[in-house]
Amino acid sequence: MTTFLPPADVRDFDADPALYGTWNDTIAQIFVDIKNSNGDYKGYPAFYSPLAPPSMIAPASATPTWPGIPKGLTARFGDDQGAALADKVIPWGTAMDDEGFSSKPFLDKAGKPVDNNGYRQQDEYLEWAVHRDQKGRIVEILFTCEGPEYWGCVASNKDLLLKLYQTYISAQVQPGDLVFPQDMTWIDPNDPSQAVQNFSAGDYNPYNKWNMAAAMHLTHPANTLGAEITLAAQSSALYTMRGHSVNTNPNLTCCRGIGEINRSSDPNIASAANGLAEAGNYITLRNPIGLYMLDINTALFAMPDGSPIDNFSGAYFQKLRCSDDKQLTLRARLAIPDGVLWKGQPLFVSDLLCNNTPIRFGGQVAAAITMGLFAEALPGALAQTRIECEFQGCPDPNNPNVIVFAKPGTDCSKNHAAEPAVFSAPVSSLRFERQPAKGRRSLIRTRVRSRL
Amino acid sequence: MIDAIAEPLLAVDEIQGNILGGFNKDHQALIFASFGGIESAKSWLRSNLEKITYLREVSAYRRARKAHIRRYGDEPEGMTALWQTVAFTFQGLGKLTADADLFSDMSFRLGAARGSVTVGDPTSGSFSAVQWPVGSPATTPDVFWLIAGDDPVEVSRSAAAFLEVAKQAGLRIEGTEYGHDLSYFDRDDLRKGHEHFGFKDGISQPAVRGRVSDTELLELVRQPPDPDYTKPEFAQPGQPLVYPGQFVLGYPLQALDFPRVPAPPDTLGRNPSATAPNIIGPWWAQNGSFLVYRRLRQDVAAFNKFLNDQAAAFGAADPLSAPSFIGSRLVGRWKSGAPVMRSPSSDNPVLGKDDDANNAFEFAADGNPNDGFGAIPLDADGKICPMSAHIRKVNSRDIDSDLGSANRTLTKRILRRGIPYGAPLPDGAVTDDGEDRGLLFLCYQRSISSQFEFLCGDWMNSRFNPRSGATSGGFDLLVGQNPNAPARDRSCFVPAQNSSVNIPTQGVLLNQFVNPTGGGYFFTPSRTALRDVLSK
């Protein structure tokens, strides 16, 4: 393959083939930035771009998977309350969300906070929107795992952007709904450099009301494709702590803040990728690079009386955007198929059972969805110097199911306060800008988490 | 000095003896009954309370037996016992006490016939729950009684007496099953501890933390702890220590990511309140445990034929062309119990019999236990023991799963107490004799939905979880199910020498070799619960 393909190899860009090149450039630039970003450690020697593999043999692979419900919530609050909290949209500028994450508001030209909606409190690369009728009954739940970078790319063709929003969300979407109404500035909470980003009126606004209402794509600052690629790169290095190799969780992710330590996604991806690296492989992510809904545990779903649902994963859990072979799903909708009644009455999603409990929150369904991505490996990586870990993990003294940072060698059995995650190694911001095609307005700068 | 936090004191006179430790007897009678009148049921229960065996007695017996083996190198003769346990369905508890309604585990409340869907059982046909002689919605019992002993005559005599008394008390017997260790049938000691497909069963059980007295641990054997505190501590090699709350209500649980750290116990109470909204059961559920029963019919001839057919798909030079080799890759062990991780090319019966060595392995950390059976290779990708091998599907040991760190797997462990039923077929038989044989599967845990049902529905029945790659992973072909495919077909990857070959199902309904024919979800109460609540 000679170019980076869109996630799941979807063909939106057939309407404007130049965007295939834009997408390729977007992803290629991430790889370049990663190579240049590692400070003293010379750009992750065991990490490669799938477009430039070090050898032509068939790669080995790993498919790290994780459930779609935020572990940051279930570990803190338990499965039931965690699922309830996961449905929340957190306005920008909220000091602390339920996972302890904080963000600043968007500001207008005068520096005053201005409303620009918020983000969904769902950080396992799966987000969803729950639609209820006036009686509070759930009529549908929409799931997405498409990243902001892709939709930023789509947005360089405003007509394509509008058409897709109108197709998947609502025929009522107007062009003006999808853009910033005025100039705004913002600081990405996940950007270590905390640089101010500028948005002009007319730029694509990822937090537009339609995305917020119907989950066109991911909104949580941690849910970016760039973050995943960076994570894979960080996982290609080898780590040590006080003379012992570190390649398992929780210490692998705590080591140098490789991803968010209390998520499911980052630690699982890191451990799968790092396992390949430990075996002496070069590693990368398979092209097309993306994160996907791979599976849903249909056996957990039942009719109100517990009887099994006929064709749940075809008729009820509908794949709206997916790969041609339907194995990789980007967008899905849980709804009652047309014409299905229950004892002669209309049936609602909230009547269905998930794990023997009526569906009250999208998070219950997210917990049944298996998310995943594809890492690849080729043998023959040169020996690497192991990087010394700056932190280990300890249980939070207030809740042993939550991991906190601690200095290496801490005796976790003694209570202690969490360490602030301040890393001494040079940290560079991996924000990048997709180069706008000639004549088109520059749109969103994509935020990429990095904690090098 | 025993660390009181790491080793909670277990109420040995309250916890029924089959839960921790376990009866482990070669002959067991399982009786399923429904109450007639409630007063006569309570009176019947009162009169049977003294028959119940608790942990104190089972633990002392195990110690004495181990001491004998250590001293004389041999099993003691004549050290026999006859032990009994009782458990109740949610429906049964509700007939005896109103506050049974405080049990919040939905799987327990709804019962095994409903759980049948979650674990992927067929929903129509002769193996669907509605057809089960015991455990269908119409034949859900109230009470489960188990009699276990070393002498089959004593067990059956005791069962007969029990049945007589129960009928006098107005109980209706829904069913009775007799399980026997397979060595009983043709006096073939090679079958001791084996199940009907020929594999040694029940080797890997979690070790439970805790003390049976101020100064004595439940599990005496302890490995020196790994200096890495993020690794579990082990009793026997390969047998991690797990906090007792994962199996008995009211005790500390495992913290999710730190194996040596306890998490607060499940909350029990009189009523949900503002401060304790999430109680999982009434106060008297303390020291109790949930029991899952599954009557699994095994089609031995079909299993053997499947192995023969699959072996033919590999070239003669490939070790996988031997049916026994394929079988070892579907299970993760050879028939003797020797794990493929420690004996990749062929079975090793000496290793299979050695309980200090047959479970002493991990997947991600190579090492050498220096027990004479060699070093353990690294197998993070499932090239030696496939990801889909049964023992790896239900326990990925030190490899991370989709849930996160490997330590989370400790919260999914169960205590298995099953026993085969029916006479065995000759080894390798491909012709069925029409007889009913299989496994009376029993396991204990704190949560049926998050442990037993999870292992079935989220891991064994998943193409991806707990771990997979492009050429590794797939369904558990031994006991997993796939309710999604119209033909219920499953496949998995078994790596050949240099490539992976996908063992497909060739359109055969693979559930033909393990099928559910009965089930039940029960709660095994403490002595206090039995005496002061349920029989009052």
Side-chain angles (χ1 to χ4, degrees), chain A residues 58-67 71 75 78-81 244 246-252 263-264 267-268 271-272 275-276 278-279 286 294-295 297-300 302 306-308 312-313 353 355-357 368 370-372 374-376 392-395 399-403 411-413, chain B residues 5-6 105-107 109-110 113-115 117-120 123 227-231 253-258 260-264 278 364-365 378 380-381 398-407 449-450 453 456-458 461-473 481 483-484 499:
Chain A
S61 71
T63 307
T65 51
W66 61 92
K71 179 183 166 212
D79 290 346
D80 294 339
Q81 209 188 341
H244 296 280
V246 172
N247 45 41
T248 57
N249 286 316
N251 283 344
L252 176 61
R263 283 166 104 172
S264 276
N268 288 13
S271 112
L276 293 170
E278 283 279 3
R286 190 177 80 183
L294 295 182
D295 205 0
N297 187 347
T298 62
L300 288 179
S307 54
F312 177 83
S313 67
L353 304 180
N355 208 3
N356 291 322
T357 312
T370 292
M371 301 295 298
F374 301 91
E376 288 190 338
Q392 68 176 40
C394 273
N399 180 346
N401 290 328
V402 175
I403 306 165
D411 179 358
C412 290
S413 62
Chain B
I5 296 199
D105 182 331
M106 285 306 296
S107 298
R109 294 176 70 101
L110 295 169
R114 277 282 289 274
V117 178
T118 308
V119 301
T123 52
D228 182 347
Y229 70 100
T230 67
K231 304 267 183 286
L253 302 178
Q254 286 290 122
L256 292 176
D257 294 294
F258 298 95
R260 305 180 195 180
V261 175
N278 299 316
L378 206 53
D381 326 329
D398 59 343
I399 298 271
D400 292 2
S401 73
D402 62 304
L403 296 181
S405 79
N407 299 317
S449 59
S450 30
E453 287 182 346
C456 294
D458 288 63
N461 299 353
S462 168
R463 191 188 315 273
F464 298 101
N465 301 325
R467 190 86 163 178
S468 63
T471 54
S472 59
Q481 306 193 72
N484 288 335
S499 65

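Note that these values count all heavy atoms, side chains included, but never hydrogens, waters or copies made by symmetry. Note that the structure is predicted; figures quoted are calculated from it, not measured.
Between A:Phe312 and A:Leu300, the closest side-chain pair of non-hydrogen atoms is not below 4.5 Å.
For the atom pair OG (B:Ser107) and CD (B:Glu453), the distance works out to 3.5 Å, reported to the nearest 0.5 Å. Summarising the geometry, atom OG1 belonging to A:Thr248 is positioned 8.5 Å from atom CG belonging to B:Asp398; distances are rounded to the nearest 0.5 Å. For the atom pair OG of A:Ser313 and CG of B:Asn484, the computed distance is 5.0 Å after rounding to the nearest 0.5 Å.
Only the backbone of B:Pro262 comes within contact range of chain A, judged by heavy atoms closer than 4.5 Å. Residue contact with chain A, scored on non-hydrogen atoms closer than 4.5 Å, involves the backbone and the side chain of B:Asp458 alike. Of the two parts of B:Ala263, the backbone and the side chain both hold a non-hydrogen atom closer than 4.5 Å to a non-hydrogen atom of chain A. Of the two parts of B:Ser401, only the backbone, made up of N, CA, C and O, holds a non-hydrogen atom closer than 4.5 Å to a non-hydrogen atom of chain A. Within the 4.5 angstrom heavy-atom criterion, no atom of A:Ala279 approaches chain B. Looking at A:Asn401, the atoms closer than 4.5 Å to chain B (heavy atoms on both sides) sit in the backbone and in the side chain alike. When heavy atoms are compared at a cutoff of 4.5 Å, A:Ser271 approaches chain B by way of both its backbone and its side chain.
The residue among B:Val261, B:Thr123, B:Thr230 with the most heavy atom pairs within less than 4.5 Å of chain A is B:Thr230. With respect to chain A, the highest number of heavy-atom pairs below 4.5 Å among B:Arg114, B:Lys231, B:Met106 belongs to B:Arg114. With chain A as partner, the option from B:Ser450, B:Pro483, B:Ser405 having the largest number of non-hydrogen pairs under 4.5 angstrom is B:Ser405. Among A:Pro64, A:Gly393, A:Pro67, the residue making the largest number of heavy-atom pairs under 4.5 Å with chain B is A:Gly393. Between chain B and the options A:Ala272, A:Gly372, A:Ala368, the largest number of non-hydrogen pairs under 4.5 Å is found for A:Ala272.
In this structure, B:Asn407 contributes its side chain and B:Leu256 its backbone to no donor-acceptor pair below 3.5 Å.
Applying the salt bridge (charged side-chain N to carboxylate O under 4.0 Å, His left out) rule to B:Asp257 yields the partners A:Lys71, B:Arg408; only residues at least two apart in sequence or on another chain are considered.
For the residue pair A:Gln392/A:Asn251, the side-chain donor-acceptor check at 3.5 Å is not satisfied.
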Donor-acceptor pairs under 3.5 angstrom involving side-chain atoms of residues 462-470 of chain B: please list them, not counting sequence neighbours.
from: B:Ser462; atom 1: OG; to: B:Phe464; atom 2: N; distance (Å): 3.0
from: B:Ser462; atom 1: OG; to: B:Asn465; atom 2: N; distance (Å): 2.9
from: B:Asn465; atom 1: OD1; to: A:Thr65; atom 2: OG1; distance (Å): 2.7
from: B:Asn465; atom 1: ND2; to: A:Thr370; atom 2: OG1; distance (Å): 3.0
from: B:Arg467; atom 1: NH1; to: B:Asp400; atom 2: O; distance (Å): 3.3
from: B:Ser468; atom 1: OG; to: B:Phe464; atom 2: O; distance (Å): 3.2

